[in-house]
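To find a chain, count down the sequence lines: A is the first, B the second, and so on, and within it residues start at 1.
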Amino acid sequence: MTSNTAQYDVVSIRNDFPILNRKIFGKPLVYLDNGASTQRPTQVIDAVTDLYENHYSNVHRGVHTLSQESSVLYDDARVKVRGFINAACVHEVVFTSGATESINLVAQSYARPRLQKGDEILITHMEHHSNIVPWQMVCEQTGAELKVVPISDKGELEMDRFHELLSEKTKLVSVVHVSNALGTVNPVKELIDAAHALGVPVLVDGAQAVPHIPVDVQKLGADFYAFSGHKIYGPTGVGVLYGKEKLLNEMPPYQGGGDMILSVSFEGTTYNQLPYKFEAGTPNIAGVVGLGAAIDYVQKIGLGAIAAHEHGLLVYATSRLRRIDGLRIIGEADQKAGLISFVLDAVHPHDIGTMLDAEGVAVRAGHHCAQPVMERFKVPATARASFAMYNTFDEIDVLAEAIVKTIGMFS
Amino acid sequence: MENLRELYQEVILDHNKNPRNFRKMEDPDGFAHGNNPLCGDQIDIYLKIKDGLVEDVSFDGAGCAICTSSASMMTMALKGKTEADAEALFNSFHHALTEDAAYPDDVPLGKLAVLTGVKDYPVRVKCATLAWHTFDAALKKIQGEVSTE
């Protein structure tokens, strides 16, 4: 089957990703582990190479040419991120090492000083460990309590329970935008509106959302929004914390060091303004520059077009996989992004992973850092095929055929 | 996929489908829980020791085919062995999966040798050794040593 989105030139997109030419055991790579990490286009690789070959020095420190050029490239990336998520201003964009650090920053700098015994943090049952553990840690530190919104058999949030659990005790809601284990797209606008009605701020974990659906933090009303560069075709080790200016200004620094200060003496230190207050030490300059290039690339293709293409892949893959006897899809929300978690009656997910790899098909097998989700659906693990802008309908066919072969070998 | 026949040999698939000694044990002398946090494999090992011999060993839990079949074959290999022979077999099996050359005091693996194909799949080695490490922990508990696992 070929692409049914005629205007979407998946062939030319694929040509931008050198790694897609890889052969695995002599077979063309079918890369369906994009939920774990996407691949990078030449444009991102070249941007990082160009920085190192022609412009690199430390940022915000030197008067010499290279330092200035690096600073410009670094600061330009922040402008790109602002536009990409439509933050109200550039200094609401803080660079971190990834979504995990972004969430930890909010937990330690925003929540910890405010929380006391009797307070509650509200998360959901479909969170990634990175949106569970930082809150457990801050609850331990403060005596606050973690409350969890349950999910239905389809893998959707039980909104009635959310409204019941949201109360005057709730001091923060932290919710995943798109579930990495189930693909569910949560109604974050509705969640945020309900929380704001009680004056409760909301952090949205957008790691799996920004590569796949257009995100406008102002329209959503999110108080904090976290995502990682490597899931959106950018480098590893870089991520973003968006925060409303007012909240970020009220928060103490998360780490101390260089670049986050205006002046230091042994009598006291004056902290730098936003966003530098939260960027202590030499930042991941190449990572940030690469992230800027990745955002340029995604915007050139257009997130609307990417979302439509990936939705087509999801619909096609769902119908193909449903026809396979003994295969069960975990997570069948009405609103889903481009990934399918599944289990086979006869074959454990790790064995599925190894078998598919032999056919050149890369999928994730395991608990997806979402053990509570696995426990909720009473499976030890799942196999997960997650799609990106460069995947094709032919690749879905290869996946489906490899699954059928796997079942055959184990029966 | 046919090249995986070396890894997933018939005997392995058979033990996966029909695992031997796959049961909880009443009043075991030794028990340990093994967990591979990377992939979520969970194995419980139950152990009865009498006069220095492994009188009975069984397992319970959920894991992949490599993990389950390795646990199943392990229980068959260990029954009737002295504690010292069981330890020697564990060490030899571990060497066969993780080292390039056998150690001088390694003992023959017998039927367990079908699992040595796992050596070519480094990420799966832990699947094959989980039950053995768990057995080792259960035995050491009986012997009164503190487990370092």
ask   = side-chain contact (heavy atoms from CB on, under 4.5 Å) with H348(A): which of C64(B), C127(B), C67(B)?
value =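 Going through the options one by one, the only one that passes is C64(B).
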inquiry  = What part of I66(B) gets within 4.5 angstrom of chain A, counting heavy atoms only: side chain, backbone, both, or neither?
reply    =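 Both backbone and side chain of I66(B) come within 4.5 Å of chain A.
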inquiry  = Does any backbone or side-chain atom of L4(B) lie under 4.5 Å from a heavy atom of chain A? Answer side chain, backbone, both or neither.
reply    =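 Answer is both: backbone and side chain atoms of L4(B) are under 4.5 Å from chain A.
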key: Nearest heavy-atom neighbours spanning R124(B) and H350(A)   =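 Distance-wise, the nearest heavy atoms are NH1-O, 3.2 Å.
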inquiry  = If I compare all heavy atoms of M409(A) with all of Y8(B), which pair ends up nearest, and what's the gap?
reply    =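 Here M409(A) and Y8(B) meet closest at CE-CB, 4.0 Å.
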request  = Working to the nearest 0.5 Å, report the span between CD1 of I12(B) and CG of D351(A).
outcome  =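 Taking CD1 in I12(B) and CG in D351(A), the distance rounds to 10.0 Å.
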Would you find more than 12 non-hydrogen atoms of other residues, nucleotides or ligands less than 6.0 Å from [X] atom [atom1]?
X: R328(A); atom1: CZ; value: no
X: D105(B); atom1: CG; value: yes
X: K48(B); atom1: NZ; value: yes

ask   = Which residues, numbered in order, of residues 174-184 of chain A come under 4.5 angstrom of chain B by heavy-atom distance?
value =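 None at all.
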query = In residues 22-29 of chain A, which residues are in contact with chain B at a heavy-atom separation under 4.5 Å?
reply =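 Against chain B, the residues of residues 22-29 of chain A that fall inside the cut-off (heavy atoms, under 4.5 Å) are F25(A), K27(A).
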